[in-house]
*Asks:* 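Structure provided below as structure tokens; questions to follow.
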Amino acid sequence: MKRHLVSAADLSRDDAVLILDTAEELARLADRPVKKLPTLRGRTVVNLFFEDSTRTRISFEAAAKRLSADVINFSAKGSSVSKGESLKDTALTLQAMGADAVVIRHHASGAPHRLARSEWLSGSVVNAGDGTHEHPTQALLDAFTLRRRLVGTGLRGAGADLAGRRVTVVGDILHSRVARSGVRLLHTLGAEVTLVAPPTLIPVGVGSWPCAVSYDLDAVLPKSDAVMMLRVQRERMNAAFFPTEREYSRRYGLNGDRMARMPEHAVVMHPGPMNRGMEITAEVADSPRCTAVEQVTNGVSIRMAVLYLLLGGASPDSASTVPAATTAPALPEENQ
Amino acid sequence: MTTGKTLIRGARPLGADPVDVLLADGRIAAVGTDPTGPDASGAEIVEANGAVLLPGLVDLHTHLREPGREDSETVLTGTRAAARGGFTAVHAMANTFPVADTAGVVEQVWRLGRSSGYCDVQPVGAVTVGLEGKQLAELGAMHESAAGVRVFSDDGKCVDDAVIMRRALEYVKAFDGVIAQHAQEPRLTEGAQMNEGTVSAELGLGGWPAVAEESIIARDVLLAAHVDSRVHICHLSTAGSVEIVRWAKSKGWRVTAEVTPHHLLFTDELVRSYDPVYKVNPPLRTERDVRALREALADGTIDCVATDHAPHPHEDKDCEWPAAAMGMVGLETALSVVQHTMVDTGLLDWAGVAERMSHRPAEIGRLTGHGRPVAPGEPANLVLFDPDHRAVVDPASFASRSRNTPYREMELPGRVRYTFLRGRATVVEGEPA
Ligand SMILES: [Zn+2]
């Protein structure tokens with residue numbers, strides 16, 4: 001693995017499978033009474049968030065704490081940070097504080113890339129979502145969820161990729177970092193990806209992506225092993241990306257009828273937060289085929305695996321051999 | 001070096017066979033195989049050793065930043081950079097603070113240029129008040145001022161209102177002016193960060209589509225034809241724009257166009273680094289566009305090279321891409337880049353370079369003292385350029401106050417050895433004098 005995780009393109013197939021296998025090992029921890037490993041004791045993980053995302057931040061925070069890392073949350077949003085120089089100044093500050101890993105969420109595409117390639121920081125950079133560019137840990141947790149559902153959990157899934165699985169990604173591809181990372185990673189893992197959206201929400205230049213594109217959701221559903229619904233912001237209609245919410249959900253939303261046309265084994269995924277009534281109906285969101293809640297749980301395991309592999313450097317097997325005898329408090333008390 | 005006499009020995013005018021050139025009293029006194037004798041007595045001798053002698057370069061598109069952004073450039077530092085790049089005249093763009101939209105501001109810039117002494121500064125006047133695109137600036141007053149403005153531009157912004165553009169084109173006919181358009185349809189480029197295409201799709205950066213440039217150019221050549229006026233296209237950057245200009249010229253319409261050195265060389269693949277040194281407006285385009293621009297400059301569809309020299313302080317580029325300022329410095333590397341992209345590729349000879357970097361831009365700007373032939377009696381505005389020299393670009397050596405060059409650490413051919421402004425050496429062996 002490389003020192004940073006900025007793009008899903010940083011991961012080879014073997015890197016990605018290793019992360020999924022490691023996450024599978026670490027997921028077993030969740031079943032123990034004490035959900036904590038001493039692996040990253042004494043290491044400092046900084047959550048540097050230039051953009052609000054409580055969900056992603058607490059997921060990384062829980063992951064780092066379960067590995068016994070010291071966690072510093074640095075919210076740069078709302079301060080005098082609109083001008084770019086602060087990224088550099090903030091990075092220099094974190095460097096001075098001895099950050100071993102910086103988990104960065106930024107509204108500017110490429111900010112984690114800049115951070116990783118700059119001389120400002122010596123620690124690892126983990127991209128927790130940059131602008132409309134990438135969100136690689138989301139792609140990893142989605143792949144993890146898919147593997148568990150379509151291949152199997154624990155040893156049944158170990159070492160497996162997603163070869164031949166057909167994944168359909170539906171929604172605002174143009175503005176979606178989840179889609180960009182997802183297409184790259186799923187392709188690396190051998191899946192066949194189809195993007196579905198109104199043409200206005202597909203980027204010009206999509207032709208070079210390793211996936212198919214369709215404007216017709218109904219045609220693609222019967223051939224999908226998984227359908228990933230992306231959040232669509234209602235405000236997009238004000239910029240004429242689509243005429244009305246109603247027309248969007250009629251043409252591209254997932255409802256019960258459409259779900260019924262998916263193969264029986266196929267799952268519905270959503271990175272959250274869901275816009276019920278827009279891209280997904282309550283009926284679908286609350287059905288057992290929808291993995292949205294599992295994705296959140298899996299997110300912690302995946303982020304543990306990423307931090308573990310970037311910072312721990314040890315072989316993944318040691319995760320299971322580490323004694324669980326630690327006096328650290330269990331998760332609920334930590335979530336401050 | 002005095003302003004008296006200079007004898008340049010063994011220079012190749014426009015790349016032709018070596019001759020000696022005698023400069024006296026601000027003019028070219030003699031050109032020949034042996035113009036020595038009594039006339040040359042007491043002259044400073046410059047051994048050209050076969051270097052190419054070109055008419056002093058003329059830039060139609062320079063941002064000198066003064067008044068208002070003296071932290072990035074001043075008229076003095078900018079003209080020293082210009083001289084170091086072989087320029088003897090530059091057109092200073094109007095997007096200063098305050099905007100050069102009155103006779104007072106253009107005269108101020110013009111005077112600063114005169115007192116710098118390194119390069120003639122021809123101010124460009126704003127087309128509209130405050131570059132806001134709403135109300136015509138006092139174009140006539142700027143023309144009648146000491147600055148004698150003939151080129152008007154809202155550069156940095158597009159004159160996007162069709163009626164304002166039409167009126168501006170019509171109005172400047174009274175004094176043979178020209179409107180230099182920064183062709184960028186504003187609605188199509190909201191949030192634009194880079195060329196829209198395969199790279200922007202991957203990088204998740206807002207796209208600046210070629211059609212946003214081409215649609216404005218198409219409209220403006222039609223407007224210029226309709227009112228029989230002159231329009232000049234700034235920093236033309238796409239293959240489609242080339243086709244439109246070629247078509248307009250085939251009709252005999254009075255349209256001219258410029259291309260920047262960076263658009264002749266670089267593509268949007270460089271943006272993959274997210275290094276804002278490559279952030280520029282219009283953005284770097286594709287390989288296909290670069291090829292079309294080079295061909296168009298070679299066949300004359302594009303009239304000239306203009307630098308769009310855009311200095312920015314370090315902090316405006318030392319940040320994440322979307323927060324960074326747009327623009328690159330270019331005066332000190334322009335001739336080398338043109339040699340690299342056009343001469344060394346066989347697309348242009350040195351006479352062609354003189355045409356596109358001196359004669360044509362002077363003609364478009366109606367500068368009578370520049371862009372003249374290398375011949376006796378002409379003003380001694382000259383650049384002595386050694387095309388055989390090769391060096392790695394070192395921004396620390398720049399005379400410009402800013403260092404935002406995309407050529408950093410690149411090896412480029414050629415070196416300006418001497419620049420002469422009316423017989424006075426403003427550059428001696430590569431350094432401002
Ligand atoms: Zn411009």
Side-chain angles (χ1 to χ4, degrees), chain A residues 6-9 50-51 76 81-92 104 106-120 127 129-135 172-181 183-184 195 201-211 213 239-240, chain B residues 71-72 186-214 238 240 267-279 283-289 312-327 404:
Chain A
V6 169
S7 163
F50 287 83
E51 191 181 74
V81 191
S82 54
K83 197 85 169 116
E85 186 173 2
S86 58
L87 176 62
K88 178 183 179 179
D89 287 341
T90 308
L92 294 173
I104 177 175
H106 204 289
H107 45 81
S109 297
H113 184 103
R114 283 287 274 166
L115 207 54
R117 283 167 192 56
S118 71
E119 320 226 300
W120 307 332
N127 182 359
D130 62 326
T132 53
H133 179 223
E134 286 225 34
H135 194 357
D172 186 355
I173 310 296
L174 179 64
H175 301 97
S176 176
R177 49 194 173 210
V178 177
R180 279 177 182 76
S181 286
V183 167
R184 283 191 174 108
L195 304 177
L201 292 175
I202 298 276
V204 166
V206 77
S208 65
W209 292 15
C211 61
V213 174
Chain B
D71 57 327
S72 54
R187 286 278 285 149
L188 284 172
T189 50
E190 281 172 14
Q193 295 290 330
M194 67 172 296
N195 180 52
E196 182 168 76
T198 57
V199 182
S200 67
E202 282 183 41
L203 298 185
L205 288 170
W208 200 130
V211 63
E213 173 173 308
E214 293 154 3
T238 78
T267 71
D268 61 354
E269 288 292 328
L270 288 167
V271 183
R272 292 185 187 279
S273 67
Y274 286 103
D275 184 342
V277 79
Y278 301 114
K279 185 173 176 182
L284 301 177
R285 303 289 188 184
T286 68
E287 191 63 49
R288 180 176 155 267
D289 296 302
H312 290 291
H314 182 66
E315 61 271 21
D316 287 2
K317 288 287 193 180
D318 194 26
C319 57
E320 62 272 23
W321 181 281
M326 291 183 286
N404 51 304

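By convention in this document, chain letters (A, B, ...) are assigned in the order of the sequence lines, proteins followed by strands, and residues within each chain are numbered from 1.
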*Asks:* Tell me whether B:Arg285 forms a cation-pi arrangement with B:Trp208, defined as NZ or CZ under 6.0 Å from the six-membered ring centre and within 45 degrees of its axis.
*Replies:* yes
*Asks:* If we define contacts as heavy-atom pairs under 4.5 Å, which of A:Gly110, A:Pro203, A:Ser7 has the most with chain B?
*Replies:*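 The candidate making the most pairs under 4.5 Å is A:Gly110.
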*Asks:* For A:Arg117, which atoms come within 4.5 Å of any heavy atom of chain B: side chain, backbone, both, or neither?
*Replies:* neither
*Asks:* Look at atom CD of B:Glu190 and say whether more than 12 heavy atoms of other residues, nucleotides or ligands are closer to it than 6.0 Å.
*Replies:* yes
*Asks:* When the ring planes of A:His113 and B:Tyr274 are compared, do they come out parallel, tilted or perpendicular, using 30° and 60° as the limits?
*Replies:*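 Judged by the thresholds at 30° and 60°, the geometry between A:His113 and B:Tyr274 is tilted.
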*Asks:* What part of A:Arg184 gets within 4.5 angstrom of chain B, counting heavy atoms only: side chain, backbone, both, or neither?
*Replies:*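 For A:Arg184, the side chain is the part near chain B, not the backbone.
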*Asks:* If the threshold is 4.0 Å, N to carboxylate O, is there a salt bridge linking B:Arg272 and B:Glu202?
*Replies:*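 Yes, this pair counts.
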